[in-house]
Amino acid sequence: MKFLKTIISQSTPIGNGGIGIIRISGNQSHKIIKKIIGKIPKIRYAKFCKFKNKKKKIMDYGIAIYYKSPNSFTGEDVLELQCHGGQKIIEIIIKEILNFKIKNIRLAKPGEFTKRAFLNNKLDLIQAESINNIINSNSFNQINSSLLSLKGKFSKKIKNNLKLINYINTIIIKEINFSENIFSYKQFKYIKKYIKKIYKNINKIYKKNKLNNINKDGIKITIIGKPNVGKSSLMNKLTNKNNSIITNIPGTTRDIIKDYINFKNINIEISDTTGIRKTTNIIEKIGINKTIKEIKHSKIILFILDAKLVPIKKTFNKYNKIKKYINKNQILIILRNKIDLTNEKYKKIKINNINIINISIKKNLGINILIKKIKNKIKYINNNENKFYYNERHKYLLNKNIKNIKNILKHIKNIKKKNIKYINLDLISQKLLISQKLLNCILGIKKSISNKIINNIFKNFCIGK
């Protein structure tokens with residue numbers, strides 16, 4: 001696309017540092033470089049030079065790199081100036097460039113360089129969003145998943161499904177418009193097979209990311225149980241900090257207390273929750289409701305029981321009461337604490353297909369078994385999760401797509417050979433076009449996504465990117 005305005009911005013963070021980078025993109029870039037260093041350097045080569053203002057006075061010494069359209073990040077002529085990293089000198093250079101009185105130059109808006117790259121088809125919307133996620137990442141795994149999306153792994157999955165939709169819809173439209181023969185049951189079965197395949201593919205992408213995208217957000221571990229079973233003590237033990245207050249008074253923890261640890265570059269959020277019990281205390285009730293919500297968004301749940309009050313044989317009964325809060329995608333680890341008071345051995349036990357670990361937090365018994373179990377579960381989750389970057393926008397559009405294709409399958413589910421004439425090919429074709437549009441929205445295909453959505457995505461980027 002041809003943009004009237006040439007944009008300029010500081011690309012390095014605001015503040016003093018070793019180096020400062022100023023980025024300029026647009027069709028006036030060549031005029032700016034002639035003014036500031038005297039002549040256009042060899043394209044895509046770093047040139048050491050003097051940066052001069054309009055009075056030919058030296059402002060700083062640094063490196064200039066010039067990228068000619070379309071071989072640049074934005075697809076436009078791009079100039080990058082690397083000066084000394086003092087904030088004042090960066091501001092002076094930008095101010096002097098704006099004072100050159102070259103027409104149609106202005107300061108860039110947040111994310112405008114990446115937005116131009118997207119609008120110039122240098123990358124799709126998934127890749128653009130992954131760039132922002134790389135910038136805001138706080139773990140190696142998060143960076144790695146974003147890099148894979150930037151490389152096009154997620155986009156490829158979406159494009160493959162688009163090809164299938166286009167292929168099968170072309171056959172249907174041909175039948176509607178050009179076929180003089182009666183639509184055969186053999187053709188119907190062929191179309192049905194492909195629609196099922198599309199549904200399976202999209203559902204697979206969606207389901208693997210439904211609970212948590214570990215690469216983006218890390219793994220959430222929630223500690224639950226009745227008051228005074230040792231939840232706060234376990235929280236302090238796992239984080240090696242005194243985050244939670246420990247008393248013998250039931251209901252001491254009234255709100256969710258959170259802390260973070262890191263295991264093999266995976267962020268782990270651990271939550272100490274309000275004890276789940278019947279209570280008339282309004283504040284404690286609010287805390288219990290928060291606990292239930294916290295469970296829903298967790299990958300691993302540590303359910304602690306008091307070994308003095310719950311013998312091994314009654315553990316299954318307690319499990320039956322708590323399992324209504326746990327879904328099949330979550331991992332539940334049951335712990336019987338205070339075995340130092342019951343003279344039991346710290347060990348793993350299996351009863352009725354339920355895994356239990358006997359521990360004593362106070363005496364540090366069985367904690368190593370628990371930590372090893374948690375690490376193994378984290379490795380399992382990490383190895384079975386999708387590796388590409390995935391956000392709420394993607395999740396919403398995929399879920400909407402699944403429902404749409406479900407409606408197609410519902411329509412064709414009971415079609416038999418004898419009533420093949422009742423199949424509504426127009427309906428199927430229209431539904432497939434909706435699926436196509438939803439997948440195009442994920443990629444950011446211009447005709448399928450509004451400018452408002454695009455602007456909302458890029459306004460969350462930093463200035464200079």
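Note that the coordinates shown come from a computational prediction; the quantities given were computed from them, not determined experimentally.
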Exercise for the section: Compare every heavy atom of Ser435 with every heavy atom of Asn401, then report the nearest pair and how far apart it is. Expected result: OD1-OG, 2.6 Å
Problem - Point-to-point distance, once rounded to the nearest 0.5 Å, from CG of Leu432 to CD1 of Ile191 - result: 9.0 Å
Exercise for the section: Check whether any side-chain N or O of Lys122 sits under 3.5 Å from a backbone N or O of Thr114 as a donor-acceptor pair, and report yes or no. Expected result: no
Handout entry: Side-chain heavy atoms of Asn169 within contact of Gln436, under 4.5 Å
Key = no
Practice task
For Tyr396, look at atom OH and say whether over 12 heavy atoms of other residues, nucleotides or ligands are found less than 6.0 Å away.
Solution key: no
Exercise for the section: Taking Asn399 for its side chain and Tyr206 for its backbone only, find out whether a donor-acceptor pair lies under 3.5 Å. Expected result: no
Completion exercise
What one should report as the nearest heavy-atom pair of Phe113 and Ser9 is CE1-CB, 3.8 Å
Exercise for the section: Could you grab the distance from atom NZ of Lys350 to atom CD1 of Ile356, nearest 0.5 Å is fine? Expected result: 11.0 Å
Exercise for the section: Work out which heavy atom in Asp60 is nearest to a heavy atom in Cys83; give both atom names and the distance. Expected result: OD2-CB, 3.3 Å
Handout entry: Close side-chain approach of Leu148 to Phe154, heavy-atom, < 4.5 Å
Key = no
Handout entry: Spatial distance of atom CD (Gln87) from atom CD1 (Ile89) [nearest 0.5 Å]
Key = 11.0 Å
Handout entry: Test item: His411 side-chain N/O and Ile408 main-chain N/O as donor-acceptor pair under 3.5 Å
Key = no
Problem - Short side-chain to backbone donor-acceptor contact, Thr273 and Ile223, under 3.5 Å - result: yes
Exercise for the section: May I ask you to test the Asn355-Ile333 pair for a side-chain heavy-atom distance under 4.5 Å? Expected result: no
Practice task
Give the minimum heavy-atom separation between Ile135 and Cys462, together with the two atoms involved.
Solution key: CD1-SG, 4.2 Å
Practice task
Report yes or no: do Ser130 and Ser149 form a side-chain donor-acceptor pair below 3.5 Å?
Solution key: no
Practice task
Examine distances only and state if a side-chain atom of Asp306 and a backbone atom of Val229 form a donor-acceptor pair shorter than 3.5 Å.
Solution key: no
Problem - Test item: side-chain donor near acceptor, Asn455 and Lys109, under 3.5 Å - result: no
Exercise for the section: Could you pull out all residues at least two apart from Lys192 that satisfy side chain to side chain contact (heavy atoms under 4.5 Å, CB included)? Expected result: Phe188, Lys196, Ile412
Practice task
Mark yes or no for whether Asn132, through its side chain, and Ala128, through its backbone, hold a donor-acceptor pair below 3.5 Å.
Solution key: no
Practice task
Without swapping roles, check the side chain of Arg393 against the backbone of Cys441 for a donor-acceptor pair under 3.5 Å.
Solution key: yes
Exercise for the section: For Gln127 and Ser155, indicate whether the former's side chain and the latter's backbone hold a donor-acceptor pair under 3.5 Å. Expected result: no
Problem - Pairwise side-chain contact, Ile158 with His394, heavy-atom cut-off 4.5 Å (strictly under) - result: no
Expected list for residues 307-319: side-chain donor-acceptor pairs under 3.5 angstrom, two or more places apart:
{"residue": "Thr315", "atom": "OG1", "partner": "Pro311", "partner atom": "O", "Å": "3.4"}
{"residue": "Thr315", "atom": "OG1", "partner": "Ile312", "partner atom": "O", "Å": "3.0"}

Exercise for the section: With the side chain counted from C-beta on, respond yes when Asn456 and Ile453 share a heavy-atom pair under 4.5 Å apart, and no when they do not. Expected result: no
Problem - Donor-acceptor pair, side chain of Asn337 and main chain of Ile361, under 3.5 angstrom - result: yes
Problem - Glu112 with Arg106: basic N within carboxylate O range, under 4.0 Å - result: yes
Problem - Gln82 CD to Phe51 CZ distance, which is reported to the nearest 0.5 Å - result: 8.0 Å
Practice task
Could you walk me through whether Asn440 and Ile449 pass the side-chain contact (heavy atoms from CB on, under 4.5 Å) test, one step at a time?
Solution key: CA-CA 8 Å; Asn440 280 338; Ile449 191 166; over 6 Å; no
Problem - N-O pairing of Glu294 and Lys290 below 4.0 Å - result: no
Going by atom type alone, with no hydrogens or angles, which donor-acceptor pairs under 3.5 Å involve a side-chain atom of residues 61-71 and a protein atom two or more places apart or on another chain?
{"residue": "Tyr66", "atom": "OH", "partner": "Asp77", "partner atom": "OD2", "Å": "3.4"}
{"residue": "Lys68", "atom": "NZ", "partner": "Asp77", "partner atom": "OD2", "Å": "3.4"}
{"residue": "Ser69", "atom": "OG", "partner": "Gly75", "partner atom": "O", "Å": "2.9"}

Practice task
Drop me the distance from His84's NE2 to Asn16's CG, to the nearest 0.5 angstrom.
Solution key: 12.5 Å
Exercise for the section: Mark yes or no for whether Glu91, through its side chain, and Lys88, through its backbone, hold a donor-acceptor pair below 3.5 Å. Expected result: no
Practice task
Determine whether Phe118 and Glu129 make a side-chain contact, defined as any pair of heavy atoms from C-beta on separated by less than 4.5 Å.
Solution key: no
Handout entry: side-chain hydrogen bond (donor to acceptor under 3.5 Å, both in side chains) evaluation trace for Lys446 with Asn121
Key = CA-CA 10 Å; Lys446 316 299 183 298; Asn121 296 317; 3.1 Å; yes
Fill in the blank from the handout: Nearest heavy-atom contact between Thr74 and Ser25 is OG1-OG, 2.8 Å
Exercise for the section: Sequence neighbours left out, what passes ring-ring contact (aromatic ring centres under 6.0 Å, His included) with Tyr260? Give chain and number order. Expected result: none
Exercise for the section: Find out whether Ile8 and Leu107 are in side-chain contact, i.e. whether some heavy atom of one side chain is under 4.5 Å from a heavy atom of the other. Expected result: yes
Problem - For the student: nearest non-hydrogen atoms of Tyr194 and Ile168, plus distance - result: CB-CD1, 3.6 Å
Completion exercise
The side chain to side chain contact (heavy atoms under 4.5 Å, CB included) partners of Leu365 (sequence neighbours excluded) come to Tyr346, Ser360, Lys363
Problem - Partner residues of Lys413 under the side chain to side chain contact (heavy atoms under 4.5 Å, CB included) criterion, sequence neighbours left out - result: none
Problem - Interatomic distance, Leu98 atom CG to Ile94 atom CD1 [nearest 0.5 angstrom] - result: 7.5 Å
